[in-house]
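Reading through the structure tokens given below for one structure.
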There are 2 protein chains.
Amino acid sequence: MRYPAEHKQQKRQDLLRASGALIKEGGFSATGIDAIAQAAGVTSGAMYSHFSSKSDLFKALLERELQHSTELWAGKLEQSLEQWLAYVMDHYLSLDHVKHPGTGCVLPALGAEIGRADPSVKAVFAHELQKGIDSLSERLGSPQLATAVISQMVGALVLARAMPTRQAQLAVLDASKAVLPTLVARPK
Amino acid sequence: MRYPAEHKQQKRQDLLRASGALIKEGGFSATGIDAIAQAAGVTSGAMYSHFSSKSDLFKALLERELQHSTELWAGKLEQSLEQWLAYVMDHYLSLDHVKHPGTGCVLPALGAEIGRADPSVKAVFAHELQKGIDSLSERLGSPQLATAVISQMVGALVLARAMPTRQAQLAVLDASKAVLPTLVARPK
DNA sequence: GTCTATAGGCTGATAGAC
DNA sequence: GTCTATCAGCCTATAGAC
């Protein structure tokens, strides 16, 4: 047993990766431990040797998801502001992102449920999101503008997903795409 | 029995009013029919004489909530753009709204769950939201700008509610308040 | 139209074998 | 660490009395 700790950590990440898609797709409270475990290829009993409770799994999932998102944003910091914005619009504000919450950002999928979670969950969330905001601030000039941009995109995705037709979804996405350039171009 | 239809309609509205706060507070899927009925002062069996299913109740609730929201927005159309914006910021983007989802807007509270609901729910949602967007367009000049403003505020409220401290909640609200004036002032 | 009672299934979590 | 088996409680929805 040379790498027991590493293996356990790796398995934890595997479980989170497999369950993350399911939870973002169906919602946290509406997705049962059995379904989560099954998607990860284990039984519900085995889940509890990695996470002490469903809430504990929620915390670990948020940590992982937000770190992943921050890496995505930070990876494009070498580009110009125009290039960065074009990249964001093409990916975040896309019909693909609307249609597939399981492979997308946690914020529009689970944001409201984080708001209903207990304080320890919110604390983990705020801690990890702050890193993302700090990273975005380097690109946009201020934490305030970074926060406003995130709010704009999260709101757009929530609304677009609630729409019944592709046409209506596109209208919501296009509305955000139309205002974002004037938003980020303002050093204010 | 001179007003049976009216009485039944009135009772329906009473049930929706009483259950609306509970559902927006705790989430739709996480709130049971028993709790909803109890908040409305009846039993779960009685609920099914007014709504054929929980999903049917969801539709009726969205209809009611969005009509109420649209009336709130439309009631301020006689004001100047500056006055209107100040009103919106003070009320929608307030700590009070963050802390009390039960008495607030449906969109940040249940938006993600509408996205997971069946097409008939989404159709009702889109139909009623369109009226609100049309109303807002009169004030802001275009449906596109109205949609972007709604996205901005919905995203801000979702994020603010996910924050653990009042300070962090305020930071999110202030970030949106800082960009909204430049957003609506642009006729583009 | 509202009640009580109940069906049938799913929930999060635990105990003990291996 | 993972399994099977199981607990007590909750879920949506329905049946039948009044």
Side-chain angles (χ1 to χ4, degrees), chain A residues 1-20 22-62 110 113-114 116-121, chain B residues 1-20 22-62 110 113-114 116-121:
Chain A
M1 301 226 296
R2 290 171 67 186
Y3 309 107
E6 287 87 345
H7 278 134
K8 180 159 186 180
Q9 280 305 106
Q10 184 56 47
K11 185 71 182 178
R12 230 177 109 102
Q13 290 302 312
D14 290 345
L15 294 176
L16 289 175
R17 184 170 39 78
S19 61
L22 205 70
I23 291 174
K24 287 188 287 183
E25 198 83 38
F28 177 70
S29 73
T31 305
I33 292 278
D34 275 349
I36 292 170
Q38 189 177 357
V42 294
T43 61
S44 67
M47 291 293 295
Y48 283 93
S49 65
H50 290 275
F51 308 100
S52 64
S53 66
K54 203 191 177 190
S55 176
D56 184 46
L57 187 152
F58 199 12
K59 275 183 259 187
L61 179 65
L62 289 178
L110 306 180
E113 294 193 89
I114 301 168
R116 299 183 185 108
D118 60 82
S120 68
V121 173
Chain B
M1 302 228 296
R2 291 171 66 186
Y3 309 108
E6 286 86 346
H7 279 133
K8 179 158 184 178
Q9 280 304 106
Q10 184 56 48
K11 185 73 182 175
R12 231 177 108 101
Q13 290 301 311
D14 289 346
L15 294 176
L16 289 176
R17 184 170 38 79
S19 61
L22 205 70
I23 291 174
K24 286 187 287 183
E25 198 83 38
F28 177 70
S29 72
T31 305
I33 291 279
D34 276 349
I36 292 171
Q38 189 177 357
V42 294
T43 61
S44 68
M47 291 293 295
Y48 283 93
S49 67
H50 291 275
F51 308 99
S52 64
S53 66
K54 201 190 178 191
S55 175
D56 185 44
L57 187 152
F58 198 14
K59 275 182 258 186
L61 179 65
L62 289 178
L110 305 179
E113 294 193 90
I114 300 168
R116 299 182 186 109
D118 61 82
S120 68
V121 173

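Across the protein-nucleic acid pair, A:H50 atom NE2 and C:dA13 atom C1' stand 16 Å apart, rounded to whole Å. Atom CD in A:Q38 sits roughly 16 Å away from atom P in D:dT2 (whole-Å rounding).
If you check residues 13-20 of chain B against DNA chain D, you find no residue with a heavy atom closer than 4.0 Å.
To the nearest 0.5 Å, atoms CZ (A:F58) and CD1 (A:I114) are separated by 5.0 Å. The distance from the OG1 atom of A:T31 to the CD atom of A:E113 is 8.0 Å, given to the nearest 0.5 Å.
Take A:A30 and apply the side chain to side chain contact (heavy atoms under 4.5 Å, CB included) test, not counting sequence neighbours, and it matches B:S29. Checked against side-chain hydrogen bond (donor to acceptor under 3.5 Å, both in side chains), B:R17 has the following partners two or more places apart in sequence or in another chain: B:D14. Every residue two or more places apart in sequence or in another chain was checked for a side-chain hydrogen bond (donor to acceptor under 3.5 Å, both in side chains) with B:E25, and none qualifies. Taking A:D34 as the reference, A:S44 meet the side-chain hydrogen bond (donor to acceptor under 3.5 Å, both in side chains) condition, with sequence neighbours excluded.
At least one test fails for A:K59 against the ring of A:F51: distance under 6.0 Å to the centre or angle within 45° of the axis.
The two atoms that bring A:I36 and A:S19 nearest to each other are CG2-CB, 3.1 Å, heavy atoms only.
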- Taking protein heavy atoms under 4.0 Å as touching, what does nucleotides 3-18 of chain D look like 5' to 3' if B marks base contact, S marks sugar-phosphate-only contact and - marks none? BB------SSBB----

